[in-house]
Amino acid sequence: MAAAPLAEAARRAPEKSSVREALGRAYFRNRQFAEAAAEFEAVVETHPVNDYAHFCLGRALSLTGQTKRARHHLALASNLQPQRRDYRLYRERLASGH
């Protein structure tokens, strides 16, 4: 599992957002959405204008049933990168209840 070495790297260097983002992606692929959300949350705390981290955090939160928080992060991602159709699509999908 790719998450294990990344988790160790994140434990050793928690300030490295690239490692935390990669770990979040690995958790997401493994359907460990709560763990993914925690990693992406750590990234947006230190890099609040990282649109991709906001998008991934929103997606992970939505899959853990935290729709209000998910909407917030999907809106931030969409506002940071308005040209990203995929960001808008997920934001609109969640807003409409799908």
Side-chain angles (χ1 to χ4, degrees):
M1 176 164 112
L6 288 168
E8 177 59 22
R11 187 188 66 74
R12 289 178 185 225
E15 74 285 354
K16 294 221 173 206
S17 63
S18 60
V19 172
R20 305 291 297 263
E21 188 174 297
L23 179 56
R25 291 174 66 160
Y27 282 142
F28 195 92
R29 279 190 303 276
N30 290 332
R31 305 186 62 78
Q32 295 173 273
F33 302 120
E35 292 85 351
E39 295 305 320
F40 290 120
E41 188 131 45
V43 174
V44 300
E45 284 176 7
T46 58
H47 295 87
V49 295
N50 183 328
D51 61 285
Y52 184 72
H54 279 289
F55 174 72
C56 293
L57 177 55
R59 291 282 294 126
L61 289 170
S62 71
L63 292 165
T64 63
Q66 299 180 61
T67 55
K68 184 176 181 181
R69 289 185 63 217
R71 274 195 224 82
H72 171 75
H73 289 285
L74 289 171
L76 284 171
S78 187
N79 289 335
L80 287 166
Q81 292 292 330
Q83 75 278 10
R84 292 284 307 256
R85 186 176 183 274
D86 54 338
Y87 289 4
R88 284 193 320 274
L89 185 67
Y90 277 103
R91 183 192 69 201
E92 291 165 4
R93 202 178 281 166
L94 191 60
S96 69
H98 293 102

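For reference, positions follow the sequence shown, starting with 1. In this text the structure is predicted, and so the values were computed from the model without any measurement.
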Looking at every non-hydrogen atom in both residues, tell me the closest pair between [X] and [Y] and how far apart they are.
| X | Y | answer |
| --- | --- | --- |
| Glu21 | Val43 | N-CG2, 3.8 Å |
| Leu94 | Leu74 | CD2-CD1, 3.7 Å |
| Ala36 | Gly24 | CB-O, 3.4 Å |
| Ala70 | Ser62 | CB-N, 3.5 Å |
| Arg88 | Pro82 | NH1-O, 2.6 Å |

Pairing residues for [X] by the side-chain hydrogen bond (donor to acceptor under 3.5 Å, both in side chains) criterion, not counting sequence neighbours:
| X | value |
| --- | --- |
| Glu15 | none |
| Thr64 | Gln66 |
| Arg91 | Ser78 |

Exercise for the section: Any pair with a residue in residues 69-83 that passes salt bridge (charged side-chain N to carboxylate O under 4.0 Å, His left out), sequence neighbours left out, goes on the list, sorted by first then second residue, please. Expected result: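 Qualifying pairs, neighbours excluded: Glu41-Arg69.
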Practice task
Give every residue pair that meets the salt bridge (charged side-chain N to carboxylate O under 4.0 Å, His left out) criterion with at least one member in residues 74-85, sequence neighbours excluded.
Solution key: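 Passing the test, one end in residues 74-85: Arg84-Asp86.
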Problem - All side-chain contact (heavy atoms from CB on, under 4.5 Å) counterparts of His47, not counting sequence neighbours - result: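 Only Ser17, Asn50 meet the side-chain contact (heavy atoms from CB on, under 4.5 Å) criterion with His47.
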Handout entry: For Val44, the rest of its hydrophobic cluster, which grows through side-chain links under 4.5 angstrom
Key =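 The other cluster members (ILVMFWY side chains, heavy atoms under 4.5 Å, direct or chained) are Phe40, Leu57, Leu61.
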Exercise for the section: Might you work through the side chain to side chain contact (heavy atoms under 4.5 Å, CB included) test for Lys68 and His72, ending with a clear yes or no? Expected result: CA-CA 7 Å; Lys68 184 176 181 181; His72 171 75; over 6 Å; no
Exercise for the section: Could you name each residue pair satisfying ring pair (Phe, Tyr, Trp, His ring centres under 6.0 Å) that touches residues 76-97, not counting sequence neighbours? Expected result: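 Output for this query lists Phe55-Tyr87, Phe55-Tyr90.
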Handout entry: Test item: His54 side-chain N/O and Pro48 main-chain N/O as donor-acceptor pair under 3.5 Å
Key =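 Such a contact is found between His54 side chain and Pro48 backbone.
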Exercise for the section: Apply the test ring pair (Phe, Tyr, Trp, His ring centres under 6.0 Å) to residues Phe33 and Phe28: give CA-CA distance (whole Å), side-chain angles for both, the deciding distance (0.1 Å), then the verdict. Expected result: CA-CA 5 Å; Phe33 302 120; Phe28 195 92; 5.1 Å; yes
